[in-house]
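The block underneath contains the structure these notes are about, expressed in structure tokens.
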Number of protein chains: 2
Amino acid sequence: MTELLATARHQQILESLRLNGQVRVTALAEELGVSEMTVRRDLNTMAASGSLVKVHGGATLDAAPTSNEPGFAKKLALELEEKQAIARAAVAMIRPGMSIALNSGTTTFALAGLCTRINDLTVVTNSPRIAEIFYAEDNHSQNIILTGGIRTVSDALVGPLALSALGQLHVDILFLGVHGMTVEGGFTTPNMLEAQTNQAFLKAAARQVVVADHTKWGVTGLCQIAGLGEVDALVTGSMLEPETAEILRQSIESLVLA
Amino acid sequence: MTELLATARHQQILESLRLNGQVRVTALAEELGVSEMTVRRDLNTMAASGSLVKVHGGATLDAAPTSNEPGFAKKLALELEEKQAIARAAVAMIRPGMSIALNSGTTTFALAGLCTRINDLTVVTNSPRIAEIFYAEDNHSQNIILTGGIRTVSDALVGPLALSALGQLHVDILFLGVHGMTVEGGFTTPNMLEAQTNQAFLKAAARQVVVADHTKWGVTGLCQIAGLGEVDALVTGSMLEPETAEILRQSIESLVLA
DNA sequence: TCATAAACGAACAAATTCGATCATATTCTA
DNA sequence: TAGAATATGATCGAATTTGTTCGTTTATGA
């Protein structure tokens, strides 16, 4: 067997991994004609770059077949404190008896956790994960409405069913999580179907509130949901740069720094 | 059989658990080619991480992944073997490329667990719990459509949104779980909204298959879903009494005893 | 209630795997 | 070509995993 370059070896390890679902250090060492130590080093670097997960004896794909959506927990941890602060500021806008809408997102997820004790609340969401929070709480004075549809990787129900459902509903306040916002691009998301669904959310709400941490500023996703001036309020973190805040204030009626 | 990594073993245990609803230490030890002690240790770590619940002799599915709905796990355990047999008989009716519908119920839940590997399958369901099974499997050739609506205590999405969604869809086969069936009452359920939703399911399907274990016979719920003769097939357990089977055969085109 | 068999888990032993470290070989750069 | 940087191999003690034994606990039927 000819000597393989390190990167070629990595390639081959990945291939074997995809083929068998798992690889063992000992088997790879023999297969590739290198020492076990080298294989371990390879696996370490590849694990560091996230292309596989090391386990005792070898490595597996990042599968995480049971705990689905590994990215979600990670995203939720990002800027967690800020998200919590934003959620606290947003929940102050809600009164018992209101109907609200929450699209799928980590910030709206955090907000949902603060809403379970509000009596006589109606919640419309396209996120099974958010709906689950309310189901678990089991507050019988609350009405949880899940839109239908097909689920995207970011836990959002989208598509014709979601649009049709949102077309039949009207809520007092929408809290909209977004992926990016810029002056030119407005509020954006990388997923076209989610953008469409979020637009339906906007139409269904009397008052539109975007919730987004400061890292979203300057980010542009593939699809625009709305222009900056098309929403009623923006709740974001207090570490937003002053110049940015000034720009936003010119476009948006109400800017809340949590 | 190549040696399995510890994590791969855990995955296999989970799969077996989802498939059968329960696992036994002795059976797993033989199946996986490891000692019983190792299986126990696996179950312990998996129980600690919350992915299953240990019981004497083996393990079962988590009572409730998100802690609510204590009745569901209990119902699932009831007549478990019969439900599994019914599910196996029902899954034989499904071909790759088909679109199927599953209403909310423990028998349809068991059936869903057997469907995750069928390629090119479209599944319509009003049960977030059933949808979750498919999400976790992450088979990208499958299309999972969740109807919208309000969730009942038995994990069914119902109401105008569910009806509207089902009005827009057409599937090849509906597998319908019911709460009771009698000659006079037909197929029934205790929840009026679920009855209405299930009727919408019936309308949306080219072929209607009721799945029900033998204990459902003689039970009458508050609301009728359909008369006995209004469905195309009934899959039920083989311990159904012969006289009952005879009566059913007179009304239903196809009676399958699993 | 008691007896019995199965299941359990603690403890120990054996085998395997891991990674830190150092020596050697190869490649890159000046 | 010399020297540096990098990649690889080898060694060995530590950590992990697995199997076995054996006393204890649990389930079940008489």
Side-chain angles (χ1 to χ4, degrees), chain A residues 1-17 19-67, chain B residues 1-17 19-63 73-82 84 239:
Chain A
M1 135 121 35
T2 73
E3 293 253 328
L4 280 176
L5 247 43
T7 54
R9 224 171 37 225
H10 289 194
Q11 206 77 20
Q12 199 154 334
I13 290 174
L14 270 185
E15 188 172 330
S16 172
L17 193 51
L19 211 62
N20 308 314
Q22 65 168 38
V23 287
R24 322 192 100 258
V25 171
T26 51
L28 279 179
E30 184 168 354
E31 199 175 314
L32 302 171
V34 295
S35 73
E36 296 188 2
M37 195 60 233
T38 299
V39 172
R40 285 202 194 89
R41 275 188 279 245
D42 284 344
L43 294 184
N44 276 329
T45 59
M46 294 170 77
S49 77
S51 40
L52 52 77
V53 175
K54 273 195 59 182
V55 297
H56 194 89
T60 68
L61 284 171
D62 192 355
T66 50
S67 72
Chain B
M1 151 91 102
T2 72
E3 291 244 335
L4 278 178
L5 293 167
T7 54
R9 224 173 36 224
H10 289 193
Q11 287 179 24
Q12 200 153 333
I13 290 174
L14 269 186
E15 185 171 335
S16 172
L17 194 52
L19 224 59
N20 307 313
Q22 61 172 36
V23 288
R24 300 188 54 78
V25 171
T26 51
L28 279 178
E30 185 169 353
E31 200 174 312
L32 301 171
V34 295
S35 72
E36 296 187 4
M37 193 62 226
T38 299
V39 172
R40 284 201 194 91
R41 275 188 278 243
D42 284 345
L43 294 184
N44 277 330
T45 59
M46 293 170 76
S49 77
S51 38
L52 52 78
V53 174
K54 275 193 57 182
V55 296
H56 194 87
T60 69
L61 280 171
D62 189 345
K74 216 175 283 178
K75 275 193 206 158
L76 191 59
L78 278 177
E79 317 295 336
L80 179 63
E81 273 184 43
E82 187 180 353
Q84 291 295 338
M239 56 264 281

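Throughout, a chain's letter reflects where its sequence line sits, starting with A, and its residues are numbered from 1.
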Can you see if the side chain of [X] gets near the phosphate of [N] - specifically, an N or O under 4.0 Å from OP1 or OP2?
{"X": "B:R40", "N": "C:dC8", "value": "yes"}
{"X": "A:R24", "N": "C:dT17", "value": "yes"}
{"X": "A:K54", "N": "C:dG19", "value": "yes"}

Can you identify which nucleotide, out of [options], has its nearest atom closest to the [X] side chain?
{"X": "A:T38", "options": "C:dG9, D:dA27, D:dT8", "value": "D:dT8"}
{"X": "B:N44", "options": "C:dG9, D:dT20, C:dG19", "value": "C:dG9"}
{"X": "A:H56", "options": "D:dT17, D:dA27, D:dA10", "value": "D:dT17"}

Open item on the list: Within the structure provided, determine whether A:H56 and B:L5 are in side-chain contact (heavy-atom separation under 4.5 Å).
Closed with: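 A:H56 vs B:L5: side chains apart.
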
- [ ] Answer whether the closest heavy-atom distance between the side chains of A:L28 and A:Q12 falls below 4.5 Å.
- [x]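 When only atoms from C-beta onward are counted, A:Q12 and A:L28 do not touch, as no gap falls below 4.5 Å.
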
- [ ] Could you walk me through whether A:E31 and A:V23 pass side-chain contact (heavy atoms from CB on, under 4.5 Å), step by step?
- [x] CA-CA 11 Å; A:E31 199 175 314; A:V23 287; over 6 Å; no

[X] [atom1] - [N] [atom2] separation (whole Å):
{"X": "A:R41", "N": "C:dG19", "atom1": "CZ", "atom2": "P", "answer": "11 Å"}
{"X": "A:M37", "N": "C:dC18", "atom1": "CE", "atom2": "P", "answer": "9 Å"}
{"X": "B:L43", "N": "C:dG9", "atom1": "CG", "atom2": "C1'", "answer": "13 Å"}

Task: Reported CG-to-CD distance for the pair B:D42 and B:E36, which is rounded to 0.5 angstrom - done: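 With rounding to 0.5 Å, CG (B:D42) is 13.0 Å from CD (B:E36).
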
